[in-house]
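Letters A, B, ... mirror the listed sequences (proteins, then strands); counts begin at 1.
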Amino acid sequence: MAAIEVEGLSKSFRVRSPAAGRPMARLFQSRPVIELPAVQDISFTIAPGERVAFIGPNGAGKSTTLKMLTGILRPSAGEANVAGCVPWRQRRQLARRIGIVFGQRSQLWYTLPVRSSFELLRRIYDIGRPAHQARLERLIASFDIGALLDRPVSELSLGQRIRCEIAASLLHGPSLLLLDEPTIGLDVTAKAALRDHLGELSRAEGTTVLLTSHDTGDIETICDRVIVIDRGRLLLDAPLESLRRDFLQRRSMILVTAEEHPRFAMAGVAVASEPYRLTLSLDTALAPVEKVVAAALTQLSLRDIVIENPPLEDVIKAIYRDGGAPGKADHAQV
Amino acid sequence: MPRSDSGAPRAFSTLGALFAFIALGWRRAAANRAGILGLLALYWLILMIFWALWQATPLHELRRPGIDATRLFWYMAVTECVILAVGFPYRAVEKDIQSGEIAAALVRPLPYAAAILAEWIGATGYRLALLAVGGLLAGIWATGTVAIPLAVVPALVFSTVIATILALLCQLQLGYAAAWVGTPAPLFWIWQKLTFVLGGLMIPLTFYPAPFGSLAMASPFAAMVFAPASFLLDGSPRAILATLALQLLWLAVIGMATLLVARAAAARFAEQGI
């Protein structure tokens with residue numbers, strides 16, 4: 001049985017059109033209701049143990065889809081089966097089988113120490129004490145949160161809180177983990193640590209992961225399949241390798257140099273020069289990052305290096321440009 | 001019978017979780033020492049002002065046998081104790097809805113309304129216990145006596161618990177109103193003023209002229225405030241039974257209404273998003 005099965009899922013929100021005219025006149029104005037499509041006819045299936053990135057720019061419909069999959073939003077049309085439940089009909093039953101992290105919202109109790117939040121969750125999910133203790137110890141080790149347990153959630157940094165949030169969502173041993181923008185607002189180090197912890201744990205336990213993000217770095221570290229959504233429609237469903245090959249092969253590298261007029265040349269690298277600075281655009285198929293860095297270190301006197309993933313917007317532009325790249329993806333559905 | 005992960009029947013595990021929330025509310029209220037001290041100071045101030053007022057009022061002109069300043073002091077000690085213990089927790093639900101934090105609570109196997117109500121019951125229970133002790137000490141200091149017949153104490157405690165639960169259920173509905181009106185503060189103000197007036201916060205409803213007294217006594221506001229304090233005015237078994245029956249009736253009605261409001265809000269979130 002699939003971990004998630006979605007067929008023709010759509011969601012439109014009914015909103016009143018904005019009032020116009022003078023303030024007094026607005027009071028008596030009848031405003032027509034308009035349908036605002038957020039998700040339109042998306043279908044996909046995720047097998048148990050798969051780690052899937054559900055990506056798209058802001059307002060693409062990622063969170064709306066995730067909320068439908070958790071049962072807190074009812075779709076306008078379509079069907080879904082998540083961990084054996086129809087989410088919007090069996091929300092509480094489903095809650096025992098899945099873990100959810102909303103990156104911008106906390107499921108922990110703000111004023112309580114992390115340990116007390118975990119204890120409350122133990123009572124909510126009714127986990128026996130020995131099983132809870134064993135699970136907790138494993139999660140403490142996986143997410144390196146031992147030192148945080150006795151601190152109130154309000155005193156944690158965002159990165160520390162998110163690590164605790166993910167551990168909390170896994171306490172009841174769900175077979176499916178849904179993560180909504182888990183790395184949003186985190187600095188580079190915290191992002192890298194979280195991705196490593198999450199990737200390792202999901203691989204070790206075989207947990208199915210569906211992760212929404214607009215950070216291409218999350219996708220590459222954690223996931224092995226990518227579903228791209230834009231303006232509510234499914235744009236691409238492909239293995240990570242094919243996305244990496246077709247759309248994530250370009251990287252930007254900024255080199256800050258000691259030389260005022262630096263020069264650099266290498267096959268597969270486009271160079272833009274400024275005083276004390278070079279901006280390189282790499283085709284990683286021709287010029288892998290490590291080779292470019294090695295060449296730069298020999299040719300230049302470097303003060304700093306910044307490597308940037310391509311912004312998701314550029315990836316989506318490239319997908320549109322290639323017509324969704326159905327031929328390039330191994331089993332793309334567009 | 002469905003069983004949970006720990007092997008206990010699901011109903012027991014839900015009860016266990018609710019007790020954990022009651023304990024959480026109690027602990028949180030106890031941790032707020034400045035708030036509790038402020039509440040006690042306010043309680044004493046109100047009681048002392050009205051004690052002075054009742055002493056300066058020619059109550060004998062009311063021609064109501066047994067009504068004197070001492071009895072009115074103890075009446076108000078009970079009504080104010082209920083009102084101050086409950087506070088205005090509806091704002092927690094309002095905040096959860098406005099910030100979207102309610103989404104995290106809705107994806108748990110425990111109903112949000114039950115969890116938050118349990119937490120409020122714990123916090124209100126703590127404040128109620130502390131204010132009761134404070135009121136008792138203030139009453140003995142001011143009036144030199146305890147004008148609560150021992151025979152009515154069990155009914156008084158039971159009735160006070162029902163009164164606070166009724167008030168908390170109303171506050172839960174007020175909090176949920178944020179799903180429709182955005183800011184439920186104006187609704188709260190109306191509800192609060194009705195509670196003060198129709199609940200007989202400062203003056204017993206038996207003092208109200210007909211037909212307002214009878215109307216107020218039949219209202220849910222009387223069940224939230226007047227009911228427990230009324231035992232200090234009329235402690236006959238008949239009056240106690242009639243009052244408790246009316247309170248339980250309102251508990252069933254308001255409990256059902258709260259359930260409907262919670263379901264309607266969840267349906268709205270499911271359609272319109274959070």
Side-chain angles (χ1 to χ4, degrees), chain A residues 11-15 36 38 63-64 66-76 87-102 104-112 116-117 119-132 135 152 165 168-169 172-173 178 180, chain B residues 2-25 27-32 35 92 95-116 118-119 122-123 179 263 265-274:
Chain A
K11 178 69 189 175
S12 295
F13 293 106
R14 289 162 63 85
V15 292
L36 217 62
S63 297
T64 303
L66 214 65
K67 282 178 183 165
M68 285 192 278
L69 297 183
T70 60
I72 54 176
L73 259 186
R74 180 179 283 272
S76 311
W88 47 92
R89 289 195 200 113
Q90 298 162 284
R91 182 158 48 91
R92 284 200 197 114
Q93 204 176 327
L94 177 66
R96 292 187 182 275
R97 301 180 189 181
I98 62 171
I100 304 145
V101 175
F102 296 104
Q104 299 185 70
R105 284 161 192 164
S106 182
Q107 61 174 317
L108 302 171
W109 285 262
Y110 196 67
T111 52
L112 296 185
S116 304
S117 280
E119 176 59 20
L120 261 182
L121 289 168
R122 182 188 78 77
R123 300 295 291 270
I124 290 173
Y125 288 94
D126 194 33
I127 311 162
R129 264 185 210 284
H132 173 73
R135 182 89 184 140
E165 296 271 358
S169 71
H172 57 289
L178 303 170
D180 191 12
Chain B
R3 288 187 174 266
S4 62
D5 297 348
S6 68
R10 189 79 86 204
F12 289 146
S13 77
T14 303
L15 270 179
L18 291 178
F19 276 118
F21 275 92
I22 289 174
L24 171 70
R27 282 201 311 273
R28 277 183 155 179
N32 182 10
K95 193 174 138 256
D96 281 350
I97 292 172
Q98 286 174 347
S99 65
E101 296 282 343
I102 199 169
L106 289 177
V107 292
R108 288 185 190 132
L110 189 69
Y112 170 79
I116 200 146
E119 192 181 337
R263 282 191 181 163
R268 187 175 168 82
F269 298 144
E271 287 304 324
Q272 293 296 313
I274 300 168

*Answer with side chain, backbone, both or neither: which region of B:Arg27 has an atom nearer than 4.5 Å to a non-hydrogen atom of chain A?*
neither
*Please state whether the side chain, the backbone, both or neither of A:Ile100 comes within less than 4.5 Å of a heavy atom of chain B.*
side chain
*State which residues pass salt bridge (charged side-chain N to carboxylate O under 4.0 Å, His left out) with A:Arg105; sequence neighbours excluded, sorted by chain then number.*
none
*Considering only heavy atoms, which portion of B:Ile274 lies under 4.5 Å from any heavy atom of chain A: side chain, backbone, both, or neither?*
both
*chain B heavy atoms under 4.5 Å from A:Arg14: which part of the residue, side chain, backbone, both or neither?*
both
*Any idea which heavy atoms bring B:Ala179 and B:Arg268 closest together, and the distance?*
O-NE, 2.7 Å
*Who wins among A:Val15, A:Leu112, A:Leu73, A:Leu94 for the most heavy-atom pairs under 4.5 Å with chain B?*
A:Leu73
*How close do A:Phe13 and B:Glu271 get, heavy atom to heavy atom, and via which atoms?*
CD2-O, 3.6 Å
*Nearest 0.5 Å, what's the CG-NE2 distance between A:Asp126 and A:His172?*
12.5 Å
*Among B:Ser99, B:Pro111, B:Ala267, single out the residue with the greatest number of heavy-atom pairs under 4.5 Å to chain A.*
B:Pro111
*Which atom pair, heavy atoms only, marks the closest approach of A:Lys11 to A:Pro75?*
CD-CA, 4.1 Å
_For A:Ile124, which atoms come within 4.5 Å of any heavy atom of chain B: side chain, backbone, both, or neither?_
both
*Drop me the distance from A:Thr64's OG1 to A:Asp180's CG, to the nearest 0.5 angstrom.*
9.5 Å
*Top contributor to chain A contacts, counting heavy-atom pairs under 4.5 Å, from B:Gly100, B:Gly273, B:Ala31*: B:Gly100
*Atom group of A:Ile98 that falls short of 4.5 Å from chain B, counting heavy atoms*: neither
*asked:* Between B:Glu119 (side chain only) and B:Leu24 (backbone N and O only), is there a donor and an acceptor less than 3.5 Å apart?
replied: no
*Could you look at A:Thr111 and say if it's the side chain, the backbone, both or neither that has a heavy atom under 4.5 Å from chain B?*
both
